[in-house]
Every structure is written in C-alpha cells, then in structure tokens.
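Note: hydrogens, waters and symmetry copies are ignored here, and every other heavy atom, side chains too, is used. Just so we're clear, the structure is a prediction, and the values are computed from it rather than from any experiment.
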Amino acid sequence: MTEQPQNLPVHIGFIMDGNGRWATEQGLPRSAGHKKGAEVVRTVLEHAKKRGIKVVTLFAFSAENWKRPKSEVDTLIKLFRQYMDEDIRELQKQKVRVTFIGDREKFPADMSARMTEIERETAAYTDFHVVLALSYGARDDLIAAIKKIASDILDRKYLISGIDETKVRDALSTHDLPYPDLIIRTSGEQRISNFLLWEMAYAELYFTPIYWPDFNEHDLDDAIDAYSRRNRRFGKL
Ligand code: IPE
Ligand code: IPE
Ligand code: MG
C-alpha cells in the first residue's frame, strides 16, 4: 500500500456494476456474479473502515432494476435477505451503523421491517456508517423532497423564498449524511444511473473498467490515492 494520503474522502459512494458480465465471461449464470459481488462488499467495507473512511453508500439495487426479469430480481432479493441475516449481523457486532435509502416498501414486508429494525439497533454507532441503497432512485428521492417542501409551505412552516440548499438537503433521504466526496463506478460504464444526483454535485468521479466481483482492496486504495491527488476547487480559484 502507498503512504496514507492526506486528503481522505469522508464519504464514498459505490456504483457496484458488472456482476452479470463478470459471470457471463466466466461461463457462469448471472446469479453467480451477484453472489461473488456480495462477498466483495464484505472485503471493501472492511478495507474502507481500516482506511478511515467514515461513510460508505452502496448502490445495490436501483429503482429501475425492478424492470429486470423476475428470476433475476428474485435472486437479488434472496441475496439481500441473506446479506441482512449474516453480514449485517456481523457489522452490528462491529458497531457499524447501517441505514437504508430507497423505497423499502417495494420489498416483502418482513424485509422492510427488518431494515427499520437494523436502523434502530445501530443508530447509536458513530465510527463507521454503511448506507445501502435498495430500490433507490435519485429522481424519486428528489420528487419526494419536492412534495415534502410543498407540503411544508402549505402548512406555512416557511415561505417559498425560504427554500434554499439546506431545505432541499434536509428533505432528501440522505439528510443525515455528509455529501459524498468520491463516487466509484466499476465495470467501465461511465454514467451515474440515477444515483445521488443532488448529493454528488461536487463529488470526484472515479470510473474503473474492473467488474465489481473483481474489485479488491488494492483497487480501493488506487481510487482513494487518485482522489487524494485531485484538486477540488468548488468553483473557487
Ligand atoms: C450490478 O451488476 C448489480 C445490480 C445492478 C443489481 P449488474 O447486474 O448490473 O451487472 P452487469 O452490468 O449486467 O454486468
Ligand atoms: C446501476 O447499475 C445500479 C446499481 C449498481 C445498483 P445498472 O447496471 O442498473 O445501470 P445501467 O442500466 O447500466 O445504467
Ligand atoms: Mg449493470
């Protein structure tokens, strides 16, 4: 590992892409890619924590991913269930805060209830925070925020002129997180696919051709090193 960079990201968002192509190239069913992908999450979280990252948001299932064939959606739901039973239990033991963004009501009732329970059980942990984006779409989140703001105005909590960045930020499901500093997308696709649109306005973007199931701690180090060498100007000189 290279020397500890000075400018560490606080919050990293991962667009974990390429599970299917990884499996297909190995002559395996796509489900094998998702399974391996879940194992990689374990390694990456462990390493992120070790590197001093405070918040990790994992894009695991988008609002649009419901449009995939039912068999694939079922496989993914089974994996999330297993992940909640095994991996999240382990994270809880390590005092990791775990929360969820996205439309949890789209999942079976016992799963959404479990998500809420996990959030409650880990709410007091402050060292490391893992956010799972499940059935998440940034546009949906912005629509919900706009509705909330409109309803606050109708309730006369503030005037239209009182809408500012803080009001929008507070109305988003990510209101309790710092904005992401670094967004990493695997698999070679160079797009955002409806992830954290508002929040990533000034994030550094890092695209790697590596498929998610092949992504490892060295690749995370490379991304963090690249981040630490960048000059974030936020519009200033
Ligand atoms: C990412 O891998 C996981 C999810 C989106 C659920 P993909 O399943 O998108 O894999 P590719 O992009 O088809 O290779
Ligand atoms: C983005 O991957 C969503 C997740 C990683 C969960 P997709 O595979 O769904 O994105 P597109 O369809 O290539 O844009
Ligand atoms: Mg994909």
Side-chain angles (χ1 to χ4, degrees), residues 1-5 7-62 64-65 68 72 75-76 78-80 82-84 86-88 90-91 94 96 98 100-102 128-134 136 177 180-196 199-200 203-230:
M1 201 181 86
T2 50
E3 60 177 333
Q4 173 91 347
N7 310 311
L8 264 188
V10 173
H11 178 181
I12 303 181
F14 288 93
I15 304 176
M16 309 184 289
D17 197 17
N19 292 352
R21 279 164 284 167
W22 177 88
T24 304
E25 285 180 18
Q26 318 265 321
L28 297 168
R30 289 178 58 87
S31 58
H34 295 312
K35 192 157 176 280
K36 180 75 186 351
E39 290 167 28
V40 168
V41 168
R42 212 170 297 155
T43 319
V44 165
L45 289 181
E46 224 167 82
H47 194 64
K49 189 165 176 248
K50 204 164 96 192
R51 287 295 310 262
I53 308 305
K54 292 290 174 195
V55 184
V56 169
T57 299
L58 299 163
F59 200 11
F61 193 83
S62 74
E64 291 76 25
N65 287 149
R68 292 189 180 192
E72 174 147 342
T75 300
L76 286 165
K78 213 174 125 195
L79 270 173
F80 298 146
Q82 204 177 326
Y83 188 80
M84 286 199 269
E86 296 164 17
D87 293 64
I88 294 189
E90 187 51 41
L91 290 174
Q94 295 166 23
V96 175
V98 181
F100 299 84
I101 54 173
F128 188 52
H129 184 174
V130 174
V131 184
L132 280 152
L134 288 175
Y136 172 86
L177 308 173
D181 303 294
L182 172 63
I183 300 287
I184 299 174
R185 182 171 187 147
T186 57
S187 90
E189 306 300 351
Q190 302 195 10
R191 57 178 169 262
I192 297 308
S193 302
N194 203 11
F195 192 42
L196 303 178
E199 297 86 340
M200 71 165 74
E204 295 296 324
L205 307 181
Y206 184 88
F207 297 103
T208 167
I210 298 165
Y211 291 142
W212 179 255
D214 282 329
F215 193 83
N216 64 29
E217 51 267 67
H218 305 295
D219 301 316
L220 178 55
D221 282 336
D222 287 348
I224 293 173
D225 288 351
Y227 171 90
S228 70
R229 287 192 300 271
R230 295 199 192 167

Trace of the side chain to side chain contact (heavy atoms under 4.5 Å, CB included) decision for F61 with L132: CA-CA 9 Å; F61 193 83; L132 280 152; over 6 Å; no
Closest heavy-atom pair and its distance - P29, A23: O-CB, 3.2 Å
R185/S193 under side-chain hydrogen bond (donor to acceptor under 3.5 Å, both in side chains): CA gap, chis, key distance, verdict: CA-CA 10 Å; R185 182 171 187 147; S193 302; 2.8 Å; yes
Ring geometry between F195 and F59 (parallel below 30°, tilted from 30 to 60°, perpendicular above 60°): parallel
Candidate list L182, I224, V10, L45, test side-chain contact (heavy atoms from CB on, under 4.5 Å), partner I53, passing option: I224
The single option from D219, D221, N216 passing side chain to side chain donor-acceptor pair (under 3.5 Å) against H47: D221
Heavy-atom pair of closest approach, residues V44 and F14: CG1-CZ, 3.6 Å
E72 versus R30, closest heavy-atom pair with distance: OE1-NE, 2.7 Å
Nearest non-hydrogen partners of R191 and I15, listed with the distance: O-CD1, 4.1 Å
Backbone N/O of E204 and side chain of R230: donor-acceptor pair under 3.5 Å: no
Point-to-point distance, once rounded to the nearest 0.5 Å, from OH of Y83 to CG of L134: 10.0 Å
S62-N65 side chain donor-acceptor pair, cut-off 3.5 Å: yes
Shortest non-hydrogen separation from G33 to P213 and the atoms involved: O-CG, 3.8 Å
Closest non-hydrogen atom pair between P180 and A203, with its separation: O-CB, 3.4 Å
Steps toward side chain to side chain contact (heavy atoms under 4.5 Å, CB included) verdict (I12, Y206): CA-CA 10 Å; I12 303 181; Y206 184 88; over 6 Å; no
E90 side chain near Q94 side chain, heavy-atom distance below 4.5 Å: yes
Pairwise distance CG(L196) to NE2(H11) - rounded to 0.5 angstrom: 6.5 Å
From I184 atom CD1 to L220 atom CG, the distance as rounded to the nearest 0.5 Å: 5.5 Å
NZ/K35: more than 12 non-hydrogen atoms of other groups inside 6.0 Å: no
From CG (L177) to NZ (K54), nearest 0.5 Å: 14.5 Å
Close side-chain approach of D17 and W212, heavy atoms under 4.5 Å: no
V56 side chain reached by F128 side chain, heavy atoms, under 4.5 Å: yes
Criterion side chain to side chain contact (heavy atoms under 4.5 Å, CB included) on T43 and E217, from CA distance to verdict: CA-CA 7 Å; T43 319; E217 51 267 67; 3.5 Å; yes
Atom pair CG/OH of L8 and Y227 - distance to nearest 0.5 Å: 8.5 Å
Pair K36-Q26, side chain to side chain contact (heavy atoms under 4.5 Å, CB included): steps then yes or no: CA-CA 12 Å; K36 180 75 186 351; Q26 318 265 321; over 6 Å; no
Gap separating the CG atom of D222 from the CD1 atom of I210, nearest 0.5 angstrom: 7.5 Å
